[in-house]
Amino acid sequence: MDTAFIPKDHESSMYALWEQNNAFQPDLKSTKKPFSILLPPPNANASLHAGHAMYVIEDILVRWKRMQGYPTVWIPGTDHAGYETQYVYEKQLSKQGKSRFEFDRQTLYDDVAAFVKQNSGLIEEQLKVLGFSLDWSRKTFMLDEKVIRIVYSTFEKLVKDGLVYRDNYIVNFCPKCGTTFADLEVNHIERKDPLYYIKYGPFTIATVRPETKFRDVALAAHPKDPRYKKWIGKKVEVLGLLGPVSMTVLADEGVDPKFGTGIMKVTPAHDPHDFALGKKHNLPVDSIIDTRGRMDFSWYLNTHNEKNTEVKYLDRAKKYHGKSVKDMRVLMLEDLKQDGILEKIDENYTHSVAVCYKSDHDIEPLVLPNWFIRMKPLAEPAMKAAKEGLVTFVPKRFEKQYYQWLEKFIDWPISRQIVWGIRIPVWYSVKENPDLEVTFLNAKHERVIGKVSELLAQHNTMQEITDGLQQLRASANAKFVVSDKKPGEEYLPETDTFDTWFSSGQWPLTTLDYPNGKDFKTFYPTSVLDTMWDILFFWVARMIMFGLYMTGEVPFKTVYLHSMVTDEKGQKMSKSKGNVINPIEIVNEFGADALRISLVAGSTPGNPIALSKEKVKGYRNFGNKLWNIGRYILLQHEAGTKIIALPKKLDKEHATILKSLSSTVKYITSALEKYRFSDAALRLHGFVWDECANTYLEKTKSNTDGGETFTTLVRVFTTSLKLLHPFMPFVTESIWQEFSKTHLVDEPLLMTAEWPKSV
RNA sequence: GGCCGCUUAGCUCAGUUGGUUAGAGCGUCCGGUUUACAUCCGGCAGGUCGGGGGUUCGACUCCCUCAGCGGCCACCA
């Protein structure tokens, strides 16, 4: 044995040893209650970051339960991570000077799939480096056939139960990414933007979005506002940049009299607040910005001409048409000034702006047909389950956050206008829906956009459209068929894919193979779900909802929300700050065991854990300490010291350490039961280093007895190895193997050795 | 604006229902070279537990309040 424990020399061979012994697979012969955990699936093309290393919590639980003799499984998998992945791929495309619009759906999908395949596998290897005892024979990828089958069956049930609907609704649309996002996926940032005060008939209104004024359909003021009370219900004439329009002044409690001038313009098509107001007052929804973020004046140009409109107005509409929102503001500012209706600009106005979480582009609220899921019928049982204690949260305070989000019942827009994901299994008949708008690449590889009936009437065939299809847009009331296969020749597929969280929200069902899989019957509901608190709503809440909806049972009984790993100063790691710690580098320098226990010791769930090299180094030294206690024992053994049957009556020094061992066993087991991993790690550290090594071992070095000292030390140490194994599997197993060679221990693998019983 | 968390030794943090001299690791300082380990051993120093008030026989722990930091949700026409 080397004088120091060199992790690199042991880690991969120990992992291989466990795998050879199928030690990661559950022992289903046991009649004890199964214990199961699902690994939160990392992105398939990701590489390991410090957050993934926190899954050590799961490994600790799983290794502990396995040693206790429960049929235990920890199932790995990877996520296709829908838009996250497509975004990375598109970035690569753009470096080559290409864009996704040059490809039909199928080609683009295949290309992304190849890209993911090329980059996947790394994370798996890295999880093994950390020593995670995952059952690789059960690994699942989010686009596996069985996953799609289950996701489709869930969707079908939702449709059948009336929980899926299509609607024109104001959604968060990112013009840069070309897709809708859920509220959760939108970031809000503080920003200074000009606030324009514009003369508006008899009033002045204040707005940051002057470009939408062309589609204002009403004005609104607070019903009690004395300045506007007399106008309520009246029609007013407003001279706009494109001529006079008339609209009604509405009363609404939602209008803040203190903002701007106290009266607002209502543009239901481009503002969530206005949209709601429009619904309430039954106002039309007229849009002026398209999905690429361009001004669309065709509604005006189609109905206005030289005969019925002033040339000045027509010229303006032509000038504005097709301009980006940004350019539009510049253009119209000149015209507002020219017409003398720009009163002033407040340049110091700060407000919060919705931006895309991925591209940082301003979110454009647009009214588009989208697929939605009704949340109330799903959320109510999910709340009830927590209230009844069927799901518990560690730490408890997150239960409140969980309720606060669920009880809003905000319907979930599940469709994304991207290809990388599970396509919504819906088909539209072109006969029943002649107005379907399709975008496709024709045989000459030209991009064609138009109504399907018109295209077919001209020279395009169904085959050509199907082959080159990029996107299909059906009106909110289009007739559709839900089916995993094409129902007939005259059908075109829905091109939207499910939000990633729609499929990952069914992870417990898909990994365990609901409803007839053996694993489902054995391991559902799973025991614990461990993840970070940032995806409590995205993921955890959705799994609970889908689990209850499909099976009537919660998917897991405990939700453990582990620490966020920060740098040594407690600052969030980020590429821009340059303080990202790569766990693989830490492992290379100090070993996986040291990293593992460093993440656990001194951390509490729901709070950040600061990771510093100094700390890891300290635990690397602890691993070395263990190794050397092992060496000491082996040297004694080689010198001929034997294990004996201990007499009932022992000298005080032996009795004391054995008593302390017994209380440590009890303490560790109870700490693990209570998810108090830090307590357990710190106690073990103190017990082994101080009590066992520095006190007992040192004081008994010169003992010459019949084997009492040696036997006691071996018992204390091997029991400690067992207790430490979930935390530091490599070094403990390495020592165990050395002991096994010389028959100091009977059980061939520490990993599957029996957990010490507390006396 | 609503909800939540954090503030304990120089640093990073524990401290389970209120109960004897408040703990750990790292760091500082002092001292140790015979083979288990210098990735070691022994020892010292260091905290009015963010400020103020209250409940209690007793408060780091419970309540109120103030301040600073952080998170989540909502949202600003």
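Counting non-hydrogen atoms under 4.0 angstrom, Asn694(A) reaches the backbone sugars and phosphates but no base. Using a 4.0 Å heavy-atom cutoff across all strands shown, Leu611(A) reaches no nucleic acid atom at all. Backbone-only contact: Val208(A) has heavy atoms under 4.0 Å from sugar-phosphate atoms and none from a base. Within the nucleic acid shown, Tyr619(A) has no heavy atom closer than 4.0 Å to any nucleic acid atom. Using a 4.0 Å heavy-atom criterion, one finds that Tyr349(A) contacts the sugar-phosphate atoms exclusively. Nucleic acid contact class of Leu277(A) (heavy atoms, under 4.0 Å, all strands): none. Gly602(A) comes within contact range of the sugar-phosphate backbone alone, with a heavy-atom separation under 4.0 Å but no base atom that close. Asn607(A) comes within 4.0 angstrom of sugar-phosphate atoms only, judged by non-hydrogen atoms across all strands, and of no base. No engagement by Thr350(A) is indicated, since no non-hydrogen atom pair under 4.0 Å with the nucleic acid exists. Within the nucleic acid shown, Gln636(A) has no heavy atom closer than 4.0 Å to any nucleic acid atom.
Here C37(B) is the nucleotide among G25(B), A77(B), C37(B) with the atom lying nearest to any side-chain atom of Asn628(A). Taking only side-chain atoms of Leu697(A), from C-beta outward, the nucleotide of G25(B), A36(B), C72(B) with the closest atom is A36(B). Closest contact between the side chain of Tyr632(A) and the listed nucleotides A36(B), G15(B), A77(B) involves A36(B). Distance from the side chain of Glu190(A) is smallest for C76(B) among the nucleotides C76(B), C37(B), A77(B). If you check C13(B), C76(B), C37(B) against the side chain of His273(A), the one that comes closest is C76(B). When the nucleotides A24(B), C73(B), A36(B) are ranked by their closest atom to the side chain of Leu682(A), A24(B) comes out on top. For Glu614(A), the side-chain atoms get nearest to G27(B) when compared with the rest of A77(B), A14(B), G27(B). In the set G25(B), A77(B), A36(B), A77(B) carries the atom at the smallest distance from any side-chain atom of Val255(A). Of the listed nucleotides (U39(B), A36(B), A74(B)), U39(B) has the atom at the smallest distance from the side chain of Asn624(A).
Taking atom P in both A9(B) and C49(B), the straight-line distance is 10 Å, to the nearest Å. Remark: the separation of the C1' atoms in G1(B) and C63(B) is 25 Å, to the nearest Å. Between the P atoms of A59(B) and G18(B), the separation comes to 13 Å (whole Å). Spacing between G2(B) and A45(B) at atom P, rounded to whole Å, works out to 49 Å. Between A24(B) and A67(B), the two P atoms lie 36 Å apart (nearest whole Å). For the C1' atom pair drawn from U12(B) and G27(B), the interatomic distance equals 11 Å after rounding to whole Å. G43(B) and C26(B): their P atoms are spaced 14 Å apart (whole Å).
Ionic pairing of Lys701(A) and Glu698(A) is present here: one or more N-O contacts between side-chain nitrogen and carboxylate oxygen are shorter than 4.0 angstrom.
In terms of polar N and O atoms assigned as donor or acceptor, the side chain of Lys400(A) never comes within less than 3.5 Å of the base of C4(B) in a complementary pairing. Between the base of C76(B) and the side chain of Ser352(A) there is a donor-acceptor pair shorter than 3.5 Å. Between the side chain of Gln404(A) and the base of A74(B), no donor-acceptor pair of N or O atoms lies under 3.5 Å. If you check distances only, the side chain of Lys213(A) never reaches the base of A77(B) with a donor-acceptor pair under 3.5 Å. Between the side chain of His188(A) and the base of C75(B) there is at least one donor-acceptor pair of N/O atoms closer than 3.5 Å.
Distances shown here put a side-chain N or O of Trp689(A) below 4.0 Å from the OP1 or OP2 atom of C41(B). Contact between the side-chain N/O atoms of His351(A) and the OP1/OP2 oxygens of A77(B) is found at a separation under 4.0 Å. Considering only side-chain N and O atoms, Asn621(A) lies under 4.0 angstrom from the phosphate OP1 or OP2 of C40(B). Taking 4.0 angstrom as the limit, Lys396(A) places none of its side-chain polar atoms (N or O) nearer than this to OP1 or OP2 of C4(B).
Taking atom CZ of residue Phe398(A) and atom P of nucleotide C6(B), one finds them 11 Å apart after rounding to whole Å. The distance from atom NZ of Lys617(A) to atom P of A38(B) is 14 Å, rounded to the nearest whole Å. Atoms CD1 (Ile629(A)) and C1' (A36(B)) sit 9 Å apart, rounded to a whole Å. One atom, CZ of Arg397(A), and another, C1' of G70(B), lie 11 Å apart when rounded to the nearest Å. One interatomic measurement links the two molecules: NZ of Lys674(A) to P of U16(B), which rounds to 11 Å at whole-angstrom precision. Between Tyr403(A) atom OH and C3(B) atom C1' the separation is 15 Å, expressed in whole Å. Whole-Å rounding puts the Met1(A) CE to U35(B) P distance at 18 Å. One can place CZ of Arg676(A) at 9 Å from C1' of G15(B), the figure rounded to the nearest angstrom.
Across all strands shown, U16(B) remains unpaired; no Watson-Crick or G-U wobble contact has both distances below 3.5 Å. Pair assignment for G58(B) gives none, since no Watson-Crick or G-U wobble pairing has each distance under 3.5 Å. Across all strands shown, U7(B) forms a Watson-Crick or G-U wobble pair, both distances under 3.5 Å, with A67(B). As the counterpart of U33(B), no nucleotide is assigned, since no Watson-Crick or G-U wobble pattern has both distances under 3.5 Å. Judged by Watson-Crick or G-U wobble contacts below 3.5 Å, the nucleotide A22(B) has no partner.
The closest donor-acceptor contact from the side chain of Arg227(A) to the backbone of Thr261(A) lies under 3.5 Å. Although no hydrogens or angles enter the test, the distance criterion places no donor-acceptor pair under 3.5 Å between the side chain of Asp286(A) and the main chain of Arg215(A).
Judged by a 6.0 Å distance limit and a 45° cone about the ring axis, Lys387(A) is positioned over the six-membered ring of Tyr403(A). Under a cutoff of 6.0 Å and an axis angle of 45°, Arg620(A) and Phe590(A) do not form a cation-pi pair. Relative to the ring axis of Trp412(A), Arg542(A) places its NZ or CZ within 45° and under 6.0 Å from the centre.
The residue among Trp405(A) and Asp567(A) whose nearest nucleotide of RNA chain B lies closer to the 5′ end is Asp567(A). The nearest heavy atom of RNA chain B to Ala4(A) and to Pro608(A) marks one nucleotide each, and the one closer to the 5' end goes with Pro608(A).
The only member of His49(A), Lys613(A), Met573(A) that meets side chain to side chain contact (heavy atoms under 4.5 Å, CB included) when paired with Ile581(A) is Met573(A). Each of Ile170(A), Asp274(A), Val367(A), Val217(A) was evaluated against Val285(A); a single residue qualifies, Val367(A), per the side chain to side chain contact (heavy atoms under 4.5 Å, CB included) test.
The 12-atom threshold is not exceeded at OH of Tyr169(A), counting heavy atoms of other residues, nucleotides or ligands nearer than 6.0 Å. In this structure, Lys557(A) places its NZ atom where more than 12 heavy-atom neighbours from other residues, nucleotides or ligands lie under 6.0 Å away.
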